[in-house]
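Convention: sequence-line order gives letters A, B, ...; per-chain numbering from 1.
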Amino acid sequence: MPVAKPVSSDGRVIAHIDMDCFYVQVEQRKHPELRGLPTAVVQYNSWKGGALIAVGYEARALGIKRSMRGEEAKAVCPQIHLVQVPVARGKADLNSYREAGSEVVSILARMGRCERASIDEVYLDLTDAAETMLSETPPESLEIIDDEALKSHILGLKHEDGSDMKENVKGWLRRSDADHREKLLACGVLIVADLRMQVLQETQFTCSAGISHNKMLSKLASAMNKPAQQTVVPCSSVQGLLESLPIKKMKQLGGKLGSSLQSDLEVNFVGDLLQFSEQKLQECYGINTGTWLWNIARGISGEEVEGRLLTKSHGSGKTFPGPRALKTLHSVQHWLNQLCEELSERLQTDLDQNRRIAHTLTLHARAYMSSDSDSHKKFPSKSCPLRYGTTKMQEDAMNLFQAGLREYLGPFEVKMQGNKKNGWGITGLSVSAGKISDIPSGTSSIMRYFQGHDRLCSPSKLAKEKFELEAPCSFSENESNSTLDIIEHTKLPEEEATVNNESSDLESMEHKTSTNSLEVPFYSSMSSLKKADFSQETPLSFSGRESHLEPKLTDLQSKVSSKESTFEPGRPASEQQVKRNALRDKGTPSLLRFFRRVDPSCSIQSQVLAQSSDDTNIRSSLENNNSIHGDSLSEDVQRREMWQYNVDEIDPSVIDELPSEIQEEVRAWLRPQKRQANSARRSVGIADYFSRNKKL
DNA sequence: ACGGGTGAGACA
DNA sequence: TTGTCTCAC
């Protein structure tokens, strides 16, 4: 539910950019032969041809809908091209779409504060850019306006028969009798048109956009004219828009709240809310929601565009519907392993590319208990401190699951044992990593410094202490064994067969491969699994996104500087001509030159592409931080210790005793850092570590 | 219990 | 704070 916020008189220019049937576009770029053909993206081809998760516009025109199954789509339209979502580790792998989304974000973020709202949606605050344009080259002074901008839709602009629409739009954009805010919107229209063309040029993706004074109206507008079009909402047309807007179309009102408005207050259109006082709405729906409703009825939304280019969490999950429900601990373990593998990989990528680390691991599951009426009970989600490294994540996730299962089973735990039918099943599993924070810069060189000095310190002792403090969700051996025993012993062979028959190949294989580990206590079986995929903990090499984006940025720079020169009157004409010629094929003039001063905190460079030659150090220091034996004094072992100390406990005076060349860096490292409460509890204290070094 | 896999945010 | 719940694409 949205929270009402005080509203600044809205002179902002906010854009919402929405990629058109994004997954389809990504697949069509990958398979150019599909361009222009009716195409849909489908996942899990096994059951009724899989589910459609994105439908191209050519296919929509032929009656294909998102809710269809693959087979259904084929029946409706035999010539449809169905592309499958990539599969990795037995589950859908959305990474290629995430990466494509990042490409788009890196372009859109050039012009102002940018918020990545979803994998294919972005909000932009273009206020500053628009103000700058308005003061330097207001639209009314422009002799030529780009065609893309002229194709914009202006909500409420009446169109007389016979008149040229583009002339109409041009008139609106350049009209001098508009107030300041509307002129800003006109600038926004030009800027967004330009951005969309840049996106198309550099990614081959089309998008639609909405431009208005706040997020809510822009979001509405972007959906009005699709695909590959943009719509602006002038103040004057807000009331008319909301009057006839079905309440459920409003973001946040598509669910229960919207239904309750319809049934309880007989509000069917957003405008119907106008008849209720703010107080009345607050009485019905609470103080925050009430105020929010009162505001949106008037087209008011103070929500800020967050400057955030990266997600706040990563998750990996899978459902196991109906007959595919997981019925053994072992199959749960198998899938948790798969999910954690993917999650771990994505966390490593985030670390490599953005220098961020996640601090909590959360497990979600859905389960049913057929045996009893209590089947409505929900499987509790559980979380613990996140440890980097695939096998550790797998181990922790399994422990979280068992904790949840014990709670879920509760009093039935014993009863389950005697049941012939194992009365429970897992229909959904997911692991996610949250509480992501930036790694302070400069850290890795500090670690390098310590590599050369702390060899004298015993890492084995430190490491062992750390392990004991860190071990998440520590269960007594009794507890974990009894849970395991109950579950395993109640499993019947025939059920196993049932599961195998109806489950995927991957899952069947898993049942055949390792039955041994089921016979031994839980922790032992874990460690035997650990050995098998240890190789997967070796650092990943850079690939894909970086090599893909890096040259693009370079391209951009040259492009920008070229464009810049076109606008500089001081340059010799011949030089300008040369650059113009070089750009001729690229076409449209860019507005980039107005906006050299992009907020560095929003720059894609710092948030998406930030790289350093020290990344390898960081990566390896987070991994393997659990080799408790200390028999190898590798540099990794040394470095990894650094991450476990509680910055809060550092006596500032120790910094003075450090070599002068790293003092400043250490201070910078400590200063802005906010610590997680639970990591503070279990950390050793870097001061101890320092003093150890001093003594030796 | 096939609208999947993911994300964000509010609330207790 | 954790865990639950809602909402959205």
For this session: Under 4.0 Å between any heavy atoms, over every strand shown, what does A:K382 touch: base, sugar-phosphate, or nothing? Just pick one.
Result: sugar-phosphate
Problem set entry | Any side-chain heavy-atom pair of A:W292 and A:Q252 under 4.5 Å | yes
For this session: Indicate, with a heavy-atom threshold strictly under 4.0 Å, whether A:K65 touches base, sugar-phosphate, or nothing.
Result: nothing
For this session: Sticking with atom P, work out how far C:dG3 lies from B:dG3, rounded to a whole angstrom.
Result: 30 Å
For this session: Check salt bridge (Lys or Arg N to Asp or Glu O under 4.0 Å) between A:K215 and all other residues, then give those that pass, not counting sequence neighbours.
Result: A:E115, A:E303
Each nucleotide N or O in nucleotides 1-4 of chain B that has a protein N or O under 3.5 Å away: list the pair and distance.
{"residue": "B:dG4", "atom": "O4'", "partner": "A:Q43", "partner atom": "NE2", "Å": "2.8"}

Exercise. With respect to the phosphate group of B:dG9, does any side-chain polar atom (N or O) of A:N288 fall under 4.0 Å of OP1 or OP2?
Worked result: no
Exercise. Does the ring center of A:F22 lie less than 6.0 Å from the ring center of A:F205?
Worked result: yes
Problem set entry | Residue-phosphate contact under 4.0 Å: A:S313 side-chain N/O, B:dA8 OP1/OP2 | yes
For this session: Determine the Euclidean distance between corresponding P atoms of C:dC5 and B:dA1; express it in Å to zero decimal places.
Result: 15 Å
For this session: Under 4.0 Å between any heavy atoms, over every strand shown, what does A:L253 touch: base, sugar-phosphate, or nothing? Just pick one.
Result: sugar-phosphate
For this session: Would you classify A:S430 as touching base, sugar-phosphate or nothing, given that sugar-phosphate means primed atoms plus P, OP1 and OP2, and contacts are heavy atoms under 4.0 Å?
Result: nothing
Problem set entry | Basic-acidic side-chain contact under 4.0 Å: A:K91, A:E341 | no
Problem set entry | Nucleotide C:dC7, atom P - distance to CD1 of A:I296 in whole Å | 13 Å
Exercise. Would you say a side-chain N or O of A:K378 is under 4.0 Å from OP1 or OP2 of C:dG3?
Worked result: no
Exercise. Within 45° of the ring axis of A:F320 and under 6.0 Å from its six-membered ring centre, is that where the NZ or CZ of A:R324 lies?
Worked result: no
Problem set entry | Phosphate OP1/OP2 of C:dT4: any A:K377 side-chain N/O under 4.0 Å | no
Exercise. With a cut-off of under 6.0 Å to the ring centre and 45° to the axis, is A:K318 in cation-pi contact with A:W335?
Worked result: yes
Problem set entry | Note, A:Q348 side chain near A:L351 side chain (heavy atom, < 4.5 Å) | yes
For this session: Using the C1' atoms only, state how far C:dT2 lies from B:dG4, rounded to an integer number of Å.
Result: 27 Å
Exercise. Can you tell me how far P in B:dG9 sits from the matching atom in C:dT1, rounded to whole Å?
Worked result: 16 Å
For this session: Would you indicate, yes or no, if C:dT2 has its OP1 or OP2 atom less than 4.0 angstrom from a side-chain nitrogen or oxygen of A:S381?
Result: no
For this session: Under 4.0 Å between any heavy atoms, over every strand shown, what does A:E115 touch: base, sugar-phosphate, or nothing? Just pick one.
Result: nothing
Problem set entry | Closest nucleotide among C:dT4, B:dG7, B:dT6 to the A:T311 side chain | B:dG7
Exercise. Is any side-chain N or O of A:R308 closer than 4.0 Å to OP1 or OP2 of B:dA8?
Worked result: yes
For this session: Give A:S118 one of three labels, base, sugar-phosphate or nothing, depending on what nucleic acid heavy atoms sit under 4.0 Å from its own.
Result: nothing
